[in-house]
Amino acid sequence: MGKPAGYWVNKIRTSFKGGSSSSKSLDEGSASGSRKNGSKSQKTEEGNKKGEAESGRKVMVVVDTTSQSKNALQWALTQCVQDEDNITLLHVTKTPVGQATDETQGQRNSRAHEQVHPLKNFCQLKKPNVKTEIVVVETTEEKGKTIVDEAKKQGAGVLVLGQRKRTSKWRVIWKWRAKGGMGGGVVEYCIHNSECMAIAVRKKSNNGGYLITTKRHKDFWLLA
């Protein structure tokens, strides 16, 4: 007989709230969430920096201007981020290829920062004690690969992505692509290739909670 629903809800919630940057507690089915704290006896600057680095995780949230992105961020702030954590808002853009444009890369990056800055303000409003930064990456590569690479580069402990509702036609195409070795969409790529725990979040309805997808759980419903 399988575990009751309440068992998995508690296990998943505990996994989101705990774990260091090297932990994959949800994917490994572990609910341990202890963190390392820097020693108070360390007086050197190097020791203090080490203590700060070990005090919390870096939670990376992939953001853009869509409602799915904001929903994922809102979920992360209420269910995942703790006061000792740091938030990185990652915005990935594609380098214009074969398009006439007068904008330089610096101008495009500046515009991208302006677009996602309201989300940083939202983080500071909800979690005033948590440090939040914006990282904009322009790339010619596939978006999924860029996100996974950046999460590794930034030392993210958790990667959160918004996900839109997929139609039955899209799911058939995705399964066909997966069987052919072509892979699925951006979110699916990140979930299966990220070295840290990757979580896809979709808001079910206004008051219907969220559907959570990871390597081990697909469309797991959480009322939050």
Side-chain angles (χ1 to χ4, degrees), residues 8-27 31-35 52-92 112-137 147-148 150-151 154-165 186-187 190-191 194 196-215 217 219-224:
W8 290 113
V9 170
N10 291 332
K11 201 171 188 64
I12 289 178
R13 285 187 184 277
T14 306
S15 298
F16 290 151
K17 291 292 185 180
S20 64
S21 61
S22 61
S23 171
K24 295 185 180 181
S25 56
L26 177 61
D27 291 337
S32 65
S34 60
R35 285 183 172 80
E52 292 172 3
E54 292 179 339
S55 64
R57 302 165 302 173
K58 176 173 284 189
V59 179
M60 177 174 283
V61 184
V62 180
V63 296
D64 50 37
T65 57
T66 64
S67 60
Q68 291 83 15
S69 169
K70 186 171 183 179
N71 290 338
L73 178 59
Q74 186 170 12
W75 175 88
L77 291 172
T78 58
Q79 300 296 319
C80 184
V81 177
Q82 299 189 71
D83 287 343
E84 62 268 34
D85 294 334
N86 296 317
I87 302 173
T88 297
L89 304 178
L90 174 65
H91 183 59
V92 178
H113 270 88
E114 291 177 1
Q115 289 176 340
V116 299
H117 199 270
L119 297 178
K120 180 177 180 180
N121 293 339
F122 182 69
C123 291
Q124 293 172 335
L125 177 65
K126 296 295 183 180
K127 293 283 185 178
N129 296 324
V130 174
K131 179 182 176 182
T132 303
E133 65 173 347
I134 296 174
V135 174
V136 175
V137 177
I147 292 171
V148 169
E150 194 64 25
Q154 296 284 340
V158 182
L159 176 63
V160 181
L161 307 99
Q163 188 173 37
R164 64 172 57 91
K165 185 177 181 180
V186 172
V187 173
C190 293
I191 287 175
S194 175
C196 66
M197 179 170 63
I199 308 166
V201 180
R202 177 166 70 85
K203 194 170 185 178
K204 192 172 182 182
S205 63
N206 289 336
N207 296 307
Y210 295 86
L211 294 176
I212 307 301
T213 297
T214 67
K215 281 184 180 180
H217 303 87
D219 288 341
F220 194 94
W221 178 65
L222 285 178
L223 182 60

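FYI, side chains are in, hydrogens and waters are out, and symmetry mates aren't considered; it's all heavy atoms of this structure. We're numbering straight along the sequence, starting at 1.
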Check your understanding: Can you check whether R57 reaches C80 side chain to side chain, under 4.5 Å on heavy atoms?
Key -> yes
Check your understanding: What is the minimum heavy-atom distance between C196 and A156, and which atoms define it?
Key -> CB-O, 3.3 Å
**Study point:** Partner set under side-chain contact (heavy atoms from CB on, under 4.5 Å) for T66, not counting sequence neighbours
**Key:** D64, Q68, S69
Check your understanding: Crowded around K120 NZ? As in, over 12 foreign heavy atoms under 6.0 Å?
Key -> yes
Check your understanding: Are I134 and V116 side-chain neighbours, meaning at least one heavy-atom pair lies under 4.5 Å?
Key -> yes
Review point. Side-chain contact, heavy-atom cut-off 4.5 Å: K58 with E133?
Key: yes
Check your understanding: Shortest non-hydrogen contact from L73 to C123?
Key -> CD1-SG, 3.7 Å
Exercise for review: Write down the atom of I191, the atom of K215, and the distance for their closest heavy-atom approach.
Suggested key: O-CE, 3.0 Å
**Study point:** Check: V81 main-chain N/O paired with K127 side-chain donor or acceptor under 3.5 Å
**Key:** yes
Check your understanding: Quick one: does L77's side chain get under 4.5 Å of I87's, heavy atoms only?
Key -> yes
Exercise for review: Report the distance from atom CG of D85 to atom OG1 of T132, rounding to the nearest 0.5 Å.
Suggested key: 10.5 Å
Check your understanding: Side chains of V201 and N71: does their closest heavy-atom pair fall under 4.5 Å?
Key -> no
**Study point:** F122 vs Q74 side-chain heavy atoms within contact, under 4.5 Å
**Key:** yes
Practice item. Identify the two heavy atoms, one from V63 and one from H91, that lie closest to each other, and give their separation to 0.1 Å. Key: O-ND1, 2.9 Å
Exercise for review: Can you see which heavy atom on C190 is nearest to which on L161, and at what distance?
Suggested key: SG-CD2, 3.8 Å
Check your understanding: So do N86 and T88 actually touch side chain to side chain, heavy atoms under 4.5 Å?
Key -> no
